[in-house]
Each structure stands twice: as structure tokens, then as C-alpha cells.
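This report concerns only the one structure given below.
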Amino acid sequence: MRRIFKNKHQIWFVLPLLLLMIFFIFGPLIQNIINSFYEFSSFSPVKNFVGLKNYQDMLKDGSISVALMNNVRYAVISVICQVGFGLILAAILEQKFLRKIAPFFRVVYFMPVMISISVIALLFGFIYNPQMGLLNGFLEAIGLEGLKRTWLGNPSTAIYATIAMSQWQSTGYIMMLFIVAMQKIPRELYEAAEIDGAGSVLQFLHVTVPQVRETIFVNILITISGSMLVFNEPYILTKGGGPGISSITLAVHMYQEGFMKNNMGYASALAVLIFVITAVVSIIQIVISRTGKDA
């Protein structure tokens, strides 16, 4: 208490942010949890209390298992491609022999991040077109006609085609975060490793990776959290999770229940489910990664 009183002037610096968090994060979160115990529509002022009915309905909803599995696919593939490939790409661009041209490639790889998701969906819709798409055309040109597919019209490939679009757009962002972290690594560590006879690969494994461990954790956290909340890609590219529900995600399912079926109470329960899953996964990552502590 004495410490708080002594530093009470610091409270005024924290108060504006605290108020913003209460009004725009914690307030809506609590309100959404309350709404999940009611049954109501978007335009009705009346809410009917139904208790745990919305959560009981979730246990019978077959779309949730499909959506959750698709979110898991997003998370696993995104960690491998975005975090893994982004780390390798950043390490390559930080090599001495690429110093002069590295800025050009950074801009090139980061450009997809700045493009509207709607534009990217239109682009990939053309790439995946079964008749005149670039992907099927490329496979035919190299003699792999047997691999040609109706990528977005096939339930077994629609989700993976959608995930591929996300990797193309987001890898550059993760790469830039790694580059910033790598530029803070003391050059003396690389010089010492070079004196000990370590080549580029060993320097990457024993110097770069340990030094950017915190950034790896942050990027994995960002990637998995984003994968649990993914909405734009499947909604735009597959017209709401098609064909059928093969590419649906939890966020898309929540949107369809709330705004297309006008079942806002059940959509609120789905939002609570997404929040709980994301929070649990984040806590597990924090505990496993032991961020901020010596390994």
C-alpha cells in the first residue's frame, strides 16, 4: 500500500488505457458471456433467458467439430509455414552476402500483408479456377495433369486451398518481426561462433534461434490466436465455408448463426467457446515456453 501511495502519480498514466480496456475489451466480453444465456435476435428488444440451453445445443452441433478441426489445421500449418519459414527467410536475408539487396526482398515479401484480403481472395479465386486457373495450368504444363483439381469445389481440398492463401499473405509479417529481433543480436556472438568453426547452419541453430526464442514464442502465440479467429479467408474464398461445411471455421459458424440465422444467443455462446479455446491455448504456450525466464 505504501508503494502504491508513493507512486500514485503513475496511476494517472495507466488510467486512460485501463478505461479503454474496460469499455472496449472487458465490458463487451462480460456482456457477451451474459448474452450466451439468452435467446434473442438482432432486431428484437426482448431477450428470453434459457440458461445453459445454448451450450447444450453446442454439444449436438456437428458443425462445431468440423470447424474446430479446420481451425486446428490452420494453426498447425500456419506455425510450420509462417513461423518456421519466416524464421528461415529472415535468417537468409540477414546474411552478409545479401546485405545490399536484402531491403528489396524485405519489401517484396512484406507487400502481401498490405494488400486487401478481398483483393487476395479474388486473386486466389483466379489461381484456383478449375478451367483457366494458373495452378491447374501450371500442373498441366509440367506434365502433372493427374494432380489437377477443382480446388475450391472439392471438400477434401477446399480448406487446404484456403489455408495456402493465408500463408502467402502473412509470412512476410512474421519474417519482419524475426528480422527486427535478429538485428539486435550482438555480432560478437557470430564472430565467436565463426572462430570456433561453426558454419552458417550451426550459427543459425546455436546463436540465432536461442537469441530470438522470445520472438519465436510471440510469433507462435500470434499465429495460433489468429488461426482460432480466422474468418475472412474462408468466408470470402469459399462463400462461407463451402462446399457444404468442409471449410467452415468457428468464426464463420458464429457469424452464420448470428447474422444469417438470426440466433444471437447461440452465436454469443460460440464466441465464448472461441475465447475459452484461445485463452487456454495461450496460457499453455506461456507455461511451456517459460517466456521471460532462463531456460
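Please read all numbers here as calculations on a predicted model, not as lab measurements.
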Looking only at heavy atoms, what is the nearest atom pair of [X] and [Y], with distance?
| X | Y | answer |
| --- | --- | --- |
| Ser65 | Gly62 | OG-O, 2.9 Å |
| Ser63 | Ile245 | OG-CD1, 3.8 Å |
| Leu98 | Ile92 | CD1-O, 3.2 Å |
| Met165 | Ala121 | SD-CA, 3.8 Å |
| Val252 | Pro234 | CG2-CG, 3.8 Å |
| Gly172 | Val113 | C-CG2, 4.3 Å |

Cluster question for you: counting only ILVMFWY and a side-chain heavy-atom cut-off of under 4.5 Å, with indirect links fine, are [X] and [Y] together?
| X | Y | value |
| --- | --- | --- |
| Phe178 | Ile80 | no |
| Ile248 | Leu59 | no |
| Met254 | Tyr74 | no |
| Met176 | Val83 | yes |
| Ile77 | Ile127 | no |

Has [X] got a side-chain atom pairing as donor or acceptor with [Y]'s backbone, closer than 3.5 angstrom?
| X | Y | answer |
| --- | --- | --- |
| Ser170 | Gln167 | no |
| Ser36 | Ile33 | yes |
| Asp196 | Ala198 | no |
| Asn54 | Glu39 | no |
| Arg149 | Thr157 | no |
| Glu94 | Gln183 | no |
| Asn263 | Gly258 | no |
| Asn71 | Ser227 | yes |

Who are the salt bridge (Lys or Arg N to Asp or Glu O under 4.0 Å) partners of Glu191, not counting sequence neighbours?
none
Around [X], counting heavy atoms of other residues, nucleotides and ligands shown, do more than 12 lie under 6.0 Å from its [atom1]?
| X | atom1 | result |
| --- | --- | --- |
| Met132 | CE | no |
| Phe275 | CZ | no |
| Phe231 | CZ | yes |

Derivation of the side-chain hydrogen bond (donor to acceptor under 3.5 Å, both in side chains) call for Thr162 and Ser247:
CA-CA 8 Å; Thr162 306; Ser247 62; 4.9 Å; no
Taking ring-ring contact (aromatic ring centres under 6.0 Å, His included) as the test, write out the residues that go with Phe37, two or more places apart.
Tyr55
Cut-off 3.5 Å, side chains only: do [X] and [Y] have a donor facing an acceptor?
| X | Y | answer |
| --- | --- | --- |
| Asn70 | Thr249 | no |
| Tyr128 | Asn136 | no |
| Thr223 | Ser78 | no |

Take Leu273 and His253 through the side chain to side chain contact (heavy atoms under 4.5 Å, CB included) test and state the conclusion after the steps.
CA-CA 12 Å; Leu273 174 64; His253 187 38; over 6 Å; no
So, do [X] and [Y] sit near enough that their side-chain heavy atoms are less than 4.5 Å apart?
| X | Y | value |
| --- | --- | --- |
| Leu123 | Ile115 | no |
| Leu152 | Phe124 | no |
| Asn35 | Phe40 | yes |
| Tyr266 | Met58 | yes |
| Ile64 | Asp61 | yes |
| Tyr190 | Ile185 | yes |
| Glu233 | Val230 | yes |
| Val107 | Met114 | no |

For the aromatic rings, using the six-membered ring if either is Trp, is the centroid distance between Trp151 and Tyr160 under 6.0 Å?
no
Going through the checks in order, is the side-chain hydrogen bond (donor to acceptor under 3.5 Å, both in side chains) test met by Gln203 and Glu194?
CA-CA 8 Å; Gln203 290 180 30; Glu194 191 172 353; 4.6 Å; no
Report the C-alpha distance between Gln82 and Asn219 in whole Å, list the side-chain angles of each, state the deciding distance to 0.1 Å, and finish with yes or no for side chain to side chain contact (heavy atoms under 4.5 Å, CB included).
CA-CA 9 Å; Gln82 294 181 30; Asn219 284 336; over 6 Å; no
Aromatic rings Tyr38 and Phe49: how do their planes relate, parallel, tilted or perpendicular, breaks at 30° and 60°?
perpendicular
Show, in sequence, the C-alpha distance, side-chain angles and deciding distance for Lys148 and Glu140, and conclude whether the salt bridge (charged side-chain N to carboxylate O under 4.0 Å, His left out) test is met.
CA-CA 8 Å; Lys148 292 171 62 176; Glu140 185 176 358; 3.4 Å; yes
Rounded distance (nearest 0.5 Å) linking atom OG1 of Thr208 with atom CZ of Arg213
15.0 Å
Tyr235 side, atom OH; Ile117 side, atom CD1 - distance, nearest 0.5 Å
14.0 Å
Pair Ser282-Leu221, side chain to side chain contact (heavy atoms under 4.5 Å, CB included): steps then yes or no
CA-CA 6 Å; Ser282 300; Leu221 186 61; 3.5 Å; yes
Yes or no on side chain to side chain contact (heavy atoms under 4.5 Å, CB included) for Arg106 and Ile179, after CA distance, side-chain angles and deciding distance?
CA-CA 9 Å; Arg106 289 176 200 159; Ile179 287 177; 3.9 Å; yes
